[in-house]
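The block underneath contains the structure these notes are about, expressed in structure tokens.
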Amino acid sequence: FLSGEDAANCGVTSRYDFLMAIAPFLNDHLAFAPTPYAPVAPGTAMRPLTNPRHVQAAVYGPGDSYVAHSDNGLDGARAGAAQG
């Protein structure tokens, strides 16, 4: 997980800034329907979307890319339990 300072040290400041800008942009440009539920802090009724303090980052080798998956460790344990 990277802080803003970590992102700068790794040369990914623009990507970090982009991720951190998504929630404020959506708060400013979306019309949220009224709800009886209170937002989770630090969100507010007027600005319900928030950012984490750190963002998760990954590094891939040449030609590699992210592959959507679930927790492989848990999947293996479940598969083993189902077969045994």
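Quick caveat, the model's predicted, so the values are computed rather than measured. This chain uses plain numbering: 1 for the first residue, then up along the sequence.
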Answer whether the closest heavy-atom distance between the side chains of [X] and [Y] falls below 4.5 Å.
| X | Y | value |
| --- | --- | --- |
| Tyr60 | Ser65 | no |
| Asn9 | Glu5 | yes |
| Leu30 | Phe25 | no |

For the CZ atom of Arg53 and the CZ atom of Phe1, what is their distance to the nearest 0.5 Å?
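Reported value, rounded in 0.5 Å steps: 14.5 Å.
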
Can you list everything that forms a ring-ring contact (aromatic ring centres under 6.0 Å, His included) with Phe18? Sequence neighbours excluded, please.
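Per chain and number, Phe18 pairs via ring-ring contact (aromatic ring centres under 6.0 Å, His included) with no residue.
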
Would Met20 and Asn51 count as a side chain to side chain contact (heavy atoms under 4.5 Å, CB included) here? Give the steps.
CA-CA 6 Å; Met20 297 306 265; Asn51 286 325; 3.9 Å; yes

If you take all heavy atoms of [X] and [Y], which pair is closest and at what distance?
| X | Y | value |
| --- | --- | --- |
| Ala45 | Pro48 | O-CD, 3.9 Å |
| Leu49 | Asn27 | O-ND2, 2.7 Å |
| Pro39 | Thr44 | CG-C, 3.4 Å |

Does the Tyr16 side chain pair with the main chain of Gly4, one donor and one acceptor, at a distance under 3.5 Å?
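Flag set: sc Tyr16 to bb Gly4 pair under 3.5 Å.
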
Please list, chain by chain and in numerical order, all residues satisfying salt bridge (Lys or Arg N to Asp or Glu O under 4.0 Å) with Arg47, sequence neighbours excluded.
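Asp28.
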
Cluster partners of Val40, using ILVMFWY side-chain heavy atoms under 4.5 angstrom, listed by chain and number?
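Result for Val40 is none, singleton.
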
So, Asp6 versus Ser3: side-chain donor-acceptor pair below 3.5 Å or not?
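Yes, because at least one side-chain N or O of Asp6 sits under 3.5 Å from a partner of the opposite role on Ser3.
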
